[in-house]
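Below: the structure, in structure tokens.
Just so we're clear, the structure is a prediction, and the values are computed from it rather than from any experiment.
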Amino acid sequence: MALTTSLADLVVLLVEPSQMQAHLVERMLTNQGVRRITIVANGSAAMIALQDATDGQVVISSLYLPDMAGTELVAAMRDDPALESVPFILVSSETRPQVLEPVRQSGACAIVAKPFTEQQLSRALYAAADYLNPPQDIDLAEIEGLRVLVVDDSLASRHHLRRLLEELGIERITECVDGRQAVAVLQESMFDLVITDYNMPEMDGRELTEYIRTQSWQAEVPVLMVTSEQNMGRLAAVERAGVSAICDKPFEASNIRRLISDALQR
């Protein structure tokens with residue numbers, strides 16, 4: 001995919017059933033320099049339009065669509081190899097964690113809460129542009145030889161993280177679906193970095209971090225947690241377990257790159 005260097009390079013597909021809301025977002029996008037905007041009213045039309053997805057493609061979608069939820073739209077995109085890396089931005093007034101969780105786990109670039117300002121939409125757009133435009137001069141020692149373990153029960157999240165890691169030049173990536181599987185892998189192989197989700201079946205991210213710090217022969221390996229968990233008590237417990245850094249889902253690509261760099265240089 002060609003590099004996207006500015007918002008003017010973005011090709012936005014806006015999925016919004018409300019004409020009034022669509023015109024509002026379109027005006028905000030135009031003010032931010034976006035020139036190529038297509039508007040559709042439902043998920044089916046979006047999937048048809050995405051058959052012609054081009055460089056710089058970004059999807060901005062409402063959560064509640066006439067024929068499907070925005071969560072179903074992003075899931076359909078992530079199931080399509082041609083669309084799994086297209087940035088997705090959700091615009092919604094929904095606040096219930098159980099409703100938003102599928103979007104957070106899908107590798108979405110941002111969730112913009114209604115009502116929102118043009119500046120908030122702009123930040124989400126820049127997050128999408130940054131995802132499409134990986135840096136060319138990452139200064140990490142011997143980056144190509146780094147061994148990274150990615151632990152997440154969400155296939156979409158693992159793919160999202162793998163793409164970012166590969167853009168950094170990291171090729172030696174092992175994936176696990178939960179902490180218990182990760183423990184077995186850690187007993188047999190050495191890693192330079194562990195990136196883990198928090199909420200997973202069998203063994204969660206806190207338990208995995210505790211195992212690494214107290215029982216693993218790799219007790220000093222940096223552990224980066226990427227999670228949608230919002231409970232401050234649980235996050236405090238993760239910090240006490242010895243995690244190196246915590247990053248929210250959805251995350252901005254620039255933030256995850258910075259945290260990886262910081263963790264590896266400690």
Q.
If the condition is side-chain contact (heavy atoms from CB on, under 4.5 Å), which residues does Tyr126 pass it with, not counting sequence neighbours?
A. Leu7, Ser122
Q) Is a salt bridge present between Arg172 and Asp192, judged by a nitrogen-to-oxygen distance below 4.0 Å? A) no
Q: Kindly give the heavy-atom pair with the smallest separation between Leu73 and Gly43, and that separation in Å.
A: CD1-O, 4.0 Å
(Q) Applying side-chain contact (heavy atoms from CB on, under 4.5 Å) to Ile60 and Leu29, what does each step give before you reach the verdict? (A) CA-CA 11 Å; Ile60 301 177; Leu29 292 171; 3.9 Å; yes
Q. What distance separates Arg123 CZ from Ile89 CD1, expressed to the nearest 0.5 Å?
A. 12.0 Å
Q. Hey, is the main chain of Val12 close enough, under 3.5 Å, to the side chain of Arg36 for a donor-acceptor pair?
A. no
Q: Answer whether the closest heavy-atom distance between the side chains of Gln32 and Leu121 falls below 4.5 Å.
A: no
Q. Out of curiosity, Leu193 CG to Leu165 CG, how far, rounded to the nearest 0.5 Å?
A. 7.5 Å
Q. Are any side-chain N or O atoms of Arg158 and backbone N or O atoms of Asp152, one a donor and one an acceptor, separated by less than 3.5 Å?
A. yes
Q) CD1/Ile173 to CZ/Arg162 distance, rounded to the nearest 0.5 angstrom? A) 4.5 Å
**Q.** Co-membership, hydrophobic cluster, residues Tyr211 and Val151, 4.5 Å side-chain
**A.** yes
Q. Should Tyr64 and Val59 be counted in the same cluster of Ile, Leu, Val, Met, Phe, Trp and Tyr side chains packed under 4.5 Å apart?
A. yes
Q) Does Glu166 reach the main-chain N or O of Arg163 with its side chain, forming a donor-acceptor pair under 3.5 Å? A) no
**Q.** Residue pair Val185 / Cys176: nearest heavy atoms and the distance that separates them
**A.** CG2-SG, 3.6 Å
Q) Atom CD in Gln215, atom CD in Gln187: separation rounded to 0.5 Å? A) 9.0 Å
Q: In sequence, state the C-alpha distance, the side-chain angles, and the governing distance for His159 and Glu84, and then conclude on side-chain contact (heavy atoms from CB on, under 4.5 Å).
A: CA-CA 8 Å; His159 285 178; Glu84 65 177 355; 3.3 Å; yes
**Q.** Any Val25 side-chain heavy atom under 4.5 Å of Glu16 side chain
**A.** no
Q. With a 4.5 Å limit on heavy-atom distance, are the side chains of Leu132 and Val58 in contact?
A. yes
Q: Would you check if Val223 and Leu208 make a side-chain contact, meaning some heavy-atom pair closer than 4.5 Å?
A: no
Q: Please report the shortest heavy-atom distance between Leu13 and Ala46, naming the atom on each side.
A: CD2-O, 3.7 Å
(Q) Do Val11 and Val34 sit in one hydrophobic cluster, given that two such residues count as connected whenever their side-chain heavy atoms are within less than 4.5 Å of each other, even indirectly? (A) no
Q | Steps toward side-chain contact (heavy atoms from CB on, under 4.5 Å) verdict (Asp204, Glu207) | A | CA-CA 5 Å; Asp204 64 25; Glu207 295 169 319; 3.2 Å; yes
Q.
Looking at Val150, is its backbone amide N or carbonyl O close enough to the side chain of Glu175 to form a donor-acceptor pair, meaning the two atoms are under 3.5 Å apart?
A. no
Q. Same cluster or not: are Phe191 and Val177 linked, directly or through other Ile, Leu, Val, Met, Phe, Trp or Tyr residues, by side-chain heavy atoms under 4.5 angstrom apart?
A. no
**Q.** Residue pair Ser62 / Lys114: nearest heavy atoms and the distance that separates them
**A.** OG-NZ, 4.0 Å
Q: May I ask you to test the Leu90-Leu100 pair for a side-chain heavy-atom distance under 4.5 Å?
A: yes
Q. Quick one: does Asp67's side chain get under 4.5 Å of Glu72's, heavy atoms only?
A. no
Q.
Run Thr117 and Gln120 through side-chain contact (heavy atoms from CB on, under 4.5 Å) and show every step you take.
A. CA-CA 5 Å; Thr117 65; Gln120 290 170 317; 3.3 Å; yes
Q | For the student: nearest non-hydrogen atoms of Phe88 and Gly70, plus distance | A | CZ-O, 3.7 Å
Q.
I'd like to check Thr71 versus Leu63 (side-chain heavy atoms, cut-off strictly below 4.5 Å). Are they in contact?
A. yes
Q: Any chance you could measure Ile246, atom CD1, to Leu224, atom CG, to the nearest 0.5 Å?
A: 9.0 Å
Q) Counting distance only, does the side-chain N/O of Gln181 pair as donor-acceptor with the main-chain N or O of Asp178 below 3.5 Å? A) no
Q | Minimum side-chain heavy-atom gap Ser61-Val74 below 4.5 Å | A | no
Q: Indicate the atoms forming the closest heavy-atom contact of Lys249 with Ser157, along with that distance.
A: NZ-OG, 3.3 Å
Q.
For the CD1 atom of Ile39 and the CD atom of Gln21, what is their distance to the nearest 0.5 Å?
A. 11.0 Å
Q) Heavy-atom count around Arg213 CZ within 6.0 Å, excluding the residue itself: above 12? A) yes
Q. Do Leu155 and Val226 belong together in a cluster built from hydrophobic side chains that touch within less than 4.5 Å?
A. no
